[in-house]
Amino acid sequence: MWEKLIEAFANFIHSSGLYWLVENFSDMGYKNLIMIVVSLTLMYLAIKKGYEPLLLLPISFGMLLVNLPITFIMEGAMTQIPLPDGTIFEFAGTKIEAAATFAADGPETVAYILSQAKEIPGGLLYYLYYGNKLGIFPPLIFMGVGVLTDFGPLLANPKSFLLGAAAQFGIFLAFFGALMLGEFFPELFAFGPKEGAAIAIIGGADGPTAIYTAIKLAPHLLGPIAVAAYSYMSLVPIIQPPIMRLLTTKEERKIKMKQLRPVSHTEKILFPIVVTILVILILPTTAPLIGMLMFGNLIKVSGVTEKLAEVASNALMYVITIFLGITVGATTSAEAFLNFETLGILLLGLVAFSFGTASGVLLAKLMNKLSKTQINPLIGAAGVSAVPMAARVVQKVGQEEDKSNFLLMHAMGPNVAGVIGSAVAAGVFLSLFLTA
Amino acid sequence: MAEWLEEGLVGTINGVGTVFIVLVLIAIVISLFKYINKINISSFFKPAVKKTLPGEGSQTNDAIHSTPEVSEEDDAQLIAVIVAAIAASLETSSDQLQVRSFRRINQTNTLWNRR
């Protein structure tokens, strides 16, 4: 009896994560430990510093869960096949997949596997992750974003669309950079056009768009891309102002803009319908993102579906945010995250963000020179999207020069145009590389 | 030309080009929107439930600004009631709140009878 007790205790110890960590420390364990520290740091930033807490907190917690050893919480189904000699063969996959794999051994083997093997379901987050894998969650979040977005400032000043487009330039520069890294340092960065496109979309400063593109083009890089995208979005107030000040003169920053014209209800209703038809006719690949964004907006502005708008922008969006965040976090296992590619992604994301800001400001400067009405070049920076943070940054930088200058509404135009712009950029990449 | 360079250039030119073309196209269509108000098809798109939104039309705006039948004394009473209600819902006292301005909107269907 005593021996049995000791044996049971030893088995218990051996099956613990702590034992695994000690046993495999020099091999894998230290990496898990680093990732746990990273996840705790992100949690600290989310809770204490308030950096995008709605997403960073679920992401960091998913990161923690998946890096605590041998939880198999992100592992798929497993099939145990009892062999004639009494041992058990473990196959990573479902029973059907096991049968298909051994189909060459003849129909008896298939029948044996189907009748005798035992399928053990995968982990919790593995199944929740399907909402990402199948491309469902990001467009649903976009629907909520659509409800919360007011396209009024954009309707009042359609020129803002140019700024929203210009700020996407950073995306394409980062795409170029990714291809270059992949070409010159192939042993460190396995970046082809698909990976490059997925990474570059970080510069769109739009979480759902970045995640959607990454899932479609480079799912193995989803974790680092999502973390980089949300980290940089929360760092917008730090990244953008120096670039904005560098590229504008004091006089330009002081420019006061003409008040926007009022926008009628009819225009607001027509906008999402017209944009949906126009954009999706030109770029069918944008249908999930633009379609849901505009649908969300329509159910709000129509005024007849308040309850739908309320659910889409509150309850539903928060539910999806939880699932999306925690499962995106769960893709950041140590082996997927701790490598040079993550560093490359962080670097390229910063390039995309900075050059997007710069190109937006530069085009706004040019427009100010050419246009009859004055345009404050600062509002170009809001074109990177990151709604509404980038617009608030414009307001703040503008007020540093002149307390009585209110640029917020003027910046909201390029800001929401940037959302459409980055979705279009994502659509271009998808149409170029999804089948290639 | 090196393959990566070609791929990069094709992706970039294609991408920047498409983004600009699509957004400029939308901008052109949207800039035509301002004529909508002049042709007055807006009555066609008015939602079944009549609501007053800021800037919806001159007619409703007039209705908002012209409420001459309400006397100032009534207003004072109304403000007192509104402040008390807001204070109760915020769980604070009414002296913590300050009413800077208030206006009546012609909203016949209130939150209470909406479904």
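The chains referred to below are lettered A, B, ... by the order of the sequence lines, with proteins before strands, and numbering in each begins at 1.
- Interface remark: of the candidates V22(B), L23(B), L5(B), T12(B), L23(B) forms the most heavy-atom pairs closer than 4.5 Å to chain A.
- By the 30° and 60° cut-offs, the orientation of the rings of F433(A) relative to F429(A) is parallel.
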| request: Verify side-chain contact (heavy atoms from CB on, under 4.5 Å) between E195(A) and L217(A), making sure each step is shown before the conclusion. | output: CA-CA 7 Å; E195(A) 289 80 7; L217(A) 294 178; over 6 Å; no

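- Atom CZ of F169(A) is surrounded by 12 or fewer heavy atoms from other residues, nucleotides or ligands within 6.0 Å.
- Interface residue V24(B): only side-chain heavy atoms are found under 4.5 Å from chain A.
- At a 4.5 Å heavy-atom cutoff, F151(A) makes no contact with chain B through either its backbone or its side chain.
- Between chain A and the options I13(B), I28(B), T18(B), the largest number of non-hydrogen pairs under 4.5 Å is found for T18(B).
- For V19(B), the parts sitting under 4.5 Å from any heavy atom of chain A are the backbone and the side chain alike.
- Within the 4.5 angstrom heavy-atom criterion, only side-chain atoms of I282(A), from C-beta onward, approach chain B.
- Classification of R261(A) and E267(A) as a salt-bridged pair holds, one side-chain N sitting under 4.0 Å from a carboxylate O.
- The 12-atom threshold is not exceeded at CZ of F295(A), counting heavy atoms of other residues, nucleotides or ligands nearer than 6.0 Å.
- With a 4.5 Å cut-off on non-hydrogen atoms, A166(A) touches chain B through its backbone and its side chain both.
- Contacts of L283(A) with chain B are made by side-chain atoms alone, with heavy-atom separations under 4.5 Å and no backbone atom involved.
- Proximity to chain B (any heavy atom under 4.5 Å) is restricted, for E183(A), to the side chain, taken from C-beta onward.
- Relative orientation of the W4(B) and F176(A) rings is perpendicular, given thresholds of 30° and 60° on the angle between their planes.
- Proximity to chain B (any heavy atom under 4.5 Å) is restricted, for L278(A), to the side chain, taken from C-beta onward.
- No side-chain donor-acceptor contact under 3.5 Å links T357(A) and S354(A).
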